[in-house]
Amino acid sequence: METMEKIQEQLRANGQEQLLQWYGDLTEEQKQHLMEDIAKIDYSVIREAMKPAGAPAGVISQAPVMTRPMILKNQEEYRTKGLAALKRGEVAAVLLAGGQGSRLGFDHPKGCLNVGLTRELYLFQILLANLQDTVNLTGTYMHMYIMTSELNYQETVDFFEEHAYFGYPQSYIHFFVQDMAPSLDHEGRILLERKDHISMTPNGNGGWFSSLRRQGLLEQIKQNGIQWLNVFSVDNVLQRIGDPVFLGAVLSEQALAGAKVIAKVNPEEKVGAICLRDGRPSVVEYSELTEEMRNERDASGAYKYYYGVTLNYLFNVEATEQRAMHRMPVHRANKKIACLNAQGETMLPAEPNGYKLETFIFDILEFFDKVTAFEVEREKEFAPIKNRTGADSLDTARELLRKNRPEWGEL
């Protein structure tokens, strides 16, 4: 641990002296706790996050997409290649489940959400059923690595244990905790959650690989002969996991990464668009797309940025390990953050009062020379639960689940 003088000097140099404003009120144990928090701060991340936002960096251009007609033409070849790799045990699943269901009025891990109306049918349960479909097809169990957060780790583990892992072999399911990042006020000052504790939140889904590696699971992955990681989000009930056609397409293209994409409902749909940035694979966030870019068409009359990512990716393990050495861009999200006010009392703001710092999984795509953008049918593979009502809600997800899982009967 560095000396108090050195810590004070670092805080002054970075405009973060407020972290010690309640130091005199703390017990020796609390002082130690606060010093440990401060020692973990990466000030360069904060400086990057507070840079003024602007137009999309680099030159944005249209990305090649493997469309449905192209896939159907070679589907059996892709399926054969993908099935062979799956049967050899070369693919594992990575489930991004660090978030809570707060936007849905559900203050628990989002994967614990009950989607059923007449019976219990949880998000985690549905995803494991989707994974089991691939196991039934190949006869080979896939390892699944579940990224939780410090906020929901124990509740997630307890949930799986209470439900006997929904029938999936426990030895094939592994939990890990994503890294955390400090919360900032709108001027870039780190917020305190308590007098002895910095306000920390999960650092976004872009931290999945570094968190996996830091907790020793990358070595296990290599020892098991796993060469590909299928990374996907928790909130899409139609996620196809270990899709042999997707895998076979990526292998056939000799790419080291793949992304499932959908044709957008319209140019205004709020999904990140697959594109090229300075000639390299990339995703432009909806908020980055200007109106002109959203409506821009190519020579054939098609929208240039009309394919959105579904948060279902394939990554080659060795290639991703090399590329994960690069620093990921840091994004700031304007949020309501509980913190101490000027009187040292806990404040629960009614309006956004600061930034949570996040990295996004799609930012790593720019470090790959080639990414297979693989179009899927929205009605069969895209039913996210983002909102309480309306588009991308529980109601829309249930309707699509009924259509795609008629064997489950009434939900």
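These values consider heavy atoms only, across backbone and side chains, with no hydrogens, waters or symmetry-generated copies.
Judged purely by atom type and a 3.5 angstrom limit, Gln178 has no side-chain atom pairing as donor or acceptor with the backbone of Ser211. No donor-acceptor pair closer than 3.5 Å links the side chain of Lys31 to the backbone N or O of Gly24. Side chain of Asn236 to backbone of Ala383: a donor-acceptor contact under 3.5 angstrom is found. A donor-acceptor contact shorter than 3.5 Å links the side chain of Arg378 to the backbone of Ala263. Using a distance-only test at 3.5 Å, with no hydrogens or angles considered, a donor-acceptor pair links the side chain of Asp298 to the main chain of Gly301. Here the side chain of Arg68 pairs a donor or acceptor atom with the backbone of Glu375 at under 3.5 angstrom. Not a single donor-acceptor pair under 3.5 Å links the side chain of Thr346 to the backbone N or O of Leu340. Without hydrogens or angle criteria, Asn114 side chain to Leu121 main chain gives a donor-acceptor distance under 3.5 Å. Here the side chain of Asp395 pairs no donor or acceptor atom with the backbone of Thr389 at under 3.5 angstrom. In this structure a side-chain-to-backbone donor-acceptor pair under 3.5 Å is present from Asn353 to Ile337.
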Before you tell me yes or no, could you show the steps for Glu253 and Thr372 under side chain to side chain donor-acceptor pair (under 3.5 Å), namely the whole-Å CA-CA distance, both residues' side-chain angles and the distance that decides it to 0.1 Å? CA-CA 7 Å; Glu253 289 221 317; Thr372 298; 2.9 Å; yes
Test side chain to side chain donor-acceptor pair (under 3.5 Å) applied to Asn152 and His108, step by step: CA-CA 7 Å; Asn152 72 11; His108 299 280; over 6 Å; no
Give the C-alpha distance, both sets of side-chain angles, the deciding distance and a yes or no for side chain to side chain donor-acceptor pair (under 3.5 Å) between Gln30 and Gln32. CA-CA 5 Å; Gln30 289 173 324; Gln32 178 71 15; over 6 Å; no
Test ring pair (Phe, Tyr, Trp, His ring centres under 6.0 Å) applied to Tyr168 and Phe166, step by step: CA-CA 6 Å; Tyr168 205 81; Phe166 299 102; over 10 Å; no
For Val317 and Leu229: C-alpha separation, side-chain torsions, deciding distance, then whether side chain to side chain contact (heavy atoms under 4.5 Å, CB included) applies. CA-CA 7 Å; Val317 173; Leu229 298 175; 3.8 Å; yes
Might you work through the side chain to side chain contact (heavy atoms under 4.5 Å, CB included) test for Tyr306 and Glu269, ending with a clear yes or no? CA-CA 9 Å; Tyr306 206 47; Glu269 186 175 7; over 6 Å; no
Does Asn136 form a side chain to side chain donor-acceptor pair (under 3.5 Å) with Gln132? I'd like the steps, not just the answer. CA-CA 6 Å; Asn136 294 342; Gln132 186 66 48; 2.9 Å; yes
For Glu268 and Asn295, what are the C-alpha separation, side-chain angles and deciding distance, and is it a side chain to side chain contact (heavy atoms under 4.5 Å, CB included)? CA-CA 9 Å; Glu268 306 302 319; Asn295 292 284; 4.1 Å; yes
Audit row: Met293, Ile60, side chain to side chain contact (heavy atoms under 4.5 Å, CB included) steps and yes/no: CA-CA 9 Å; Met293 291 173 69; Ile60 306 299; 3.8 Å; yes
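No side-chain heavy atom of Asp185 sits under 4.5 Å from any side-chain heavy atom of Ile190. Considering only heavy atoms from C-beta on, Ile198 stays 4.5 Å or farther from Leu191 through its side chain. Looking at Val65 and Phe374, their side chains never come closer than 4.5 Å, going by heavy atoms from C-beta outward.
Inspection of the Asp158 and Gln154 side chains reveals an N or O donor paired with an N or O acceptor under 3.5 Å. Remark: the Gln10 side chain and the Asn14 side chain contain no N/O donor-acceptor pair separated by less than 3.5 Å.
The aromatic rings of Phe315 and Phe368 lie tilted to each other, with the angle between the two planes from 30° to 60°. The aromatic rings of Phe160 and Tyr165 are tilted relative to each other, their planes meeting at an angle between 30° and 60°.
Cation-pi contact between Arg323 and Phe367: absent, since separation from the ring centre below 6.0 Å together with deviation from the ring axis within 45° is not met.
Between Tyr145 and Phe175, the ring center distance fails the sub-6.0 Å criterion.
Rounded to the nearest 0.5 Å, atoms OH (Tyr122) and CZ (Phe159) are 5.0 Å apart. Atom CZ of Phe246 and atom CD1 of Ile71 lie 9.5 Å apart (nearest 0.5 Å). For the atom pair CG of Asp392 and CZ of Phe382, the computed distance is 5.5 Å after rounding to the nearest 0.5 Å. Atom CD of residue Gln100 and atom CG of residue Asp107 lie 6.0 Å apart, to the nearest 0.5 angstrom. The distance from the CD atom of Glu399 to the CG atom of Leu411 is 9.0 Å, given to the nearest 0.5 Å. Arg332 CZ to Leu357 CG: the interatomic distance, rounded to the nearest 0.5 Å, is 9.5 Å.
Ion pairing between Glu407 and Arg405 holds under the 4.0 Å rule for side-chain N and carboxylate O.
Under the side chain to side chain donor-acceptor pair (under 3.5 Å) test applied with Asn312, the options Arg240, Glu381, Gln239, Lys260 reduce to a single match, Gln239. The side chain to side chain donor-acceptor pair (under 3.5 Å) test with Glu366 singles out one residue from Arg280, Arg277, His326, and that residue is Arg277.
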